[in-house]
Amino acid sequence: MSDYRAMWAELGLNLEAHDGLLAVLGKAYGDLFLSQPNRPDAMKYFDFVMSEVHGLRIKELLDAKAQGRKIIGSYCAFVPEELILAVDGISVGLCTGADFATDLVDQVLPRNTCSLIKSAFGFKLGKVCPYVEACDLVVGENTCDGKKKAYEILRQFIPHLYVIDLPQVKSEAGKALIRAEYKRFAAKLEELSGRKLEPAKLQAAIATVNAKRTALKRLAAIRRADPAPISGLDSLLISQISFYDDPVRFIGALNQLCDELERRVAKAEGVFPARRPRVVVSGCPMAVPNWKLPAIVESSGAVIVGEEGCVGERSTRWLTAETGQSVDEMIALIADRYLQIDCAVFTPNPSRLDYVRQITRGRNADGVIHYTLQFCQPYQMEAGPVVQQLEGESIPTLRIDTDYSQEDTGQIRTRVEAFVEQLRA
Ligand code: BJ8
């Protein structure tokens, strides 16, 4: 990586703490990703993106800012990238996948808050995230109670925080709310960027985001093959990168990878031998750099063939209809698309359960690991019905409730290894 220290200092990062973070991340990346055998060649692009995640990509963002473009950060799959792109903005998902500055976080948040929310605060309070510091607007959303209330506190540290209200029920009133809120967000983006939303620009933005999701869906479908042509770890990494890479460049790189994977499938080549136990992971999002569970699963003799999560197929399943003509029509269609997301904050939420079942059967998976973060009420509450239903259909399941610490790694490994043995039997 070139020397970006002056850039990081200018952004106000704590350079010493940031050096520590990069050293830990670099080592974890080498150990977990680069050491995997028989990786597809086209993963080199994603390795490069990761090696420059706090370097070249940040420089690109700052260069774009210098040209008058706005950087919009977010924490949730409900923030519509289409609207951001349509005003020439750049959308970045903010890191929420590791513990940082926990002593500072514990001073402002209750201890019984999920790791994902604590992580958002840790990266900000510890001054180690160049993305959040580069943002012109950070967007929160009223989803779970934890996030909703945490944004009230986060505003002290990020004054340019904007919160989108969201429904909790998929009713006509819910639809009206999300449509109105996306219109309000569109107006905010127009004001911030000084650019008016034009139908042609919005149409192009919808097409770009659809193309990104289509490429991710293509990757998901390829994972049906046995032997698996790509590891679950690499597939998760690609989903994580999709939230902050340049979308057009990302689509090109991912389609190139998919071409290679399809050639592998045709030759029955895989990253692991055929008939390895196949697992779907369902539940809370695994934001970058949260690789703990997939690393354990894939070093315990199984392969992950799908993620039913927001860093995964919950974010890519649906496309926006490209039939809108006016800006208002297109915003309504975008809102309708997002309202289908089956986050556990909705009540009731049957489509998530249906999809876990569908993806498990569609990928020829042998079992499901239901993954929740401690103190995440929505997903912990849904774990019971999901597991009950799957087991009722003779699909073996394992419930893992964890956080971002490494303390329970040994215990989780023991449980995962026993589960993999059960799948082999
Ligand atoms: S659309 S899943 S990204 S809200 S883990 S903070 S739910 S207590 S992240 Fe999510 Fe949007 Fe839904 Fe997806 Fe709360 Fe649970 Fe923490 Fe969570």
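Both ligands and their constituent atoms are indexed starting at 1 by order of listing. Computation of the quantities below employed the complete heavy-atom set of this structure, encompassing side-chain atoms and omitting hydrogens, waters and symmetry-equivalent molecules.
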For a quick check under 3.5 Å, do [X] and [Y] share a side-chain donor-acceptor pair by atom type?
{"X": "Asp403", "Y": "Ser405", "answer": "yes"}
{"X": "Arg278", "Y": "Asn364", "answer": "no"}
{"X": "Asn349", "Y": "Asp342", "answer": "no"}
{"X": "Gln389", "Y": "Glu393", "answer": "yes"}
{"X": "Tyr29", "Y": "Asp47", "answer": "yes"}

Open item on the list: As a check for students: among Glu141, Lys148, Lys147, identify the option with a heavy atom nearest to atom 6 (S) of ligand 1.
Closed with: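 It is Lys147 that holds the nearest heavy atom.
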Task: Option of least heavy-atom distance to atom 15 (Fe) of ligand 1 (set: Pro378, Cys376, Cys144) - done: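 Among Pro378, Cys376, Cys144, the closest heavy atom to atom 15 (Fe) of ligand 1 belongs to Cys376.
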Which atoms of ligand 1 sit under 4.0 Å from any heavy atom of [X]?
{"X": "Arg314", "result": "2 (S)"}
{"X": "Cys114", "result": "5 (S), 6 (S), 8 (S), 16 (Fe)"}
{"X": "Phe78", "result": "1 (S)"}
{"X": "Cys343", "result": "1 (S), 2 (S), 4 (S), 12 (Fe)"}
{"X": "Thr143", "result": "4 (S)"}
{"X": "Cys76", "result": "1 (S), 3 (S), 4 (S), 11 (Fe)"}
{"X": "Tyr379", "result": "2 (S)"}
{"X": "Ala77", "result": "3 (S), 11 (Fe)"}

Open item on the list: Parallel, tilted or perpendicular, judged at 30° and 60°: which one describes the rings of Tyr338 and Phe78?
Closed with: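 Plane angle between 30° and 60°, so tilted.
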Task: Heavy-atom gap Pro285 to ligand 1 smaller than 4.0 Å - done: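 Under 4.0 Å: yes for Pro285.
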Task: Heavy-atom gap Ile117 to ligand 1 smaller than 4.0 Å - done: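 The answer is yes: ligand 1 sits under 4.0 Å from a heavy atom of Ile117.
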TODO: I would like to know whether Lys59 and Glu52 meet salt bridge (Lys or Arg N to Asp or Glu O under 4.0 Å); could you show each step before the answer?
DONE: CA-CA 10 Å; Lys59 187 172 178 318; Glu52 289 288 343; over 6 Å; no
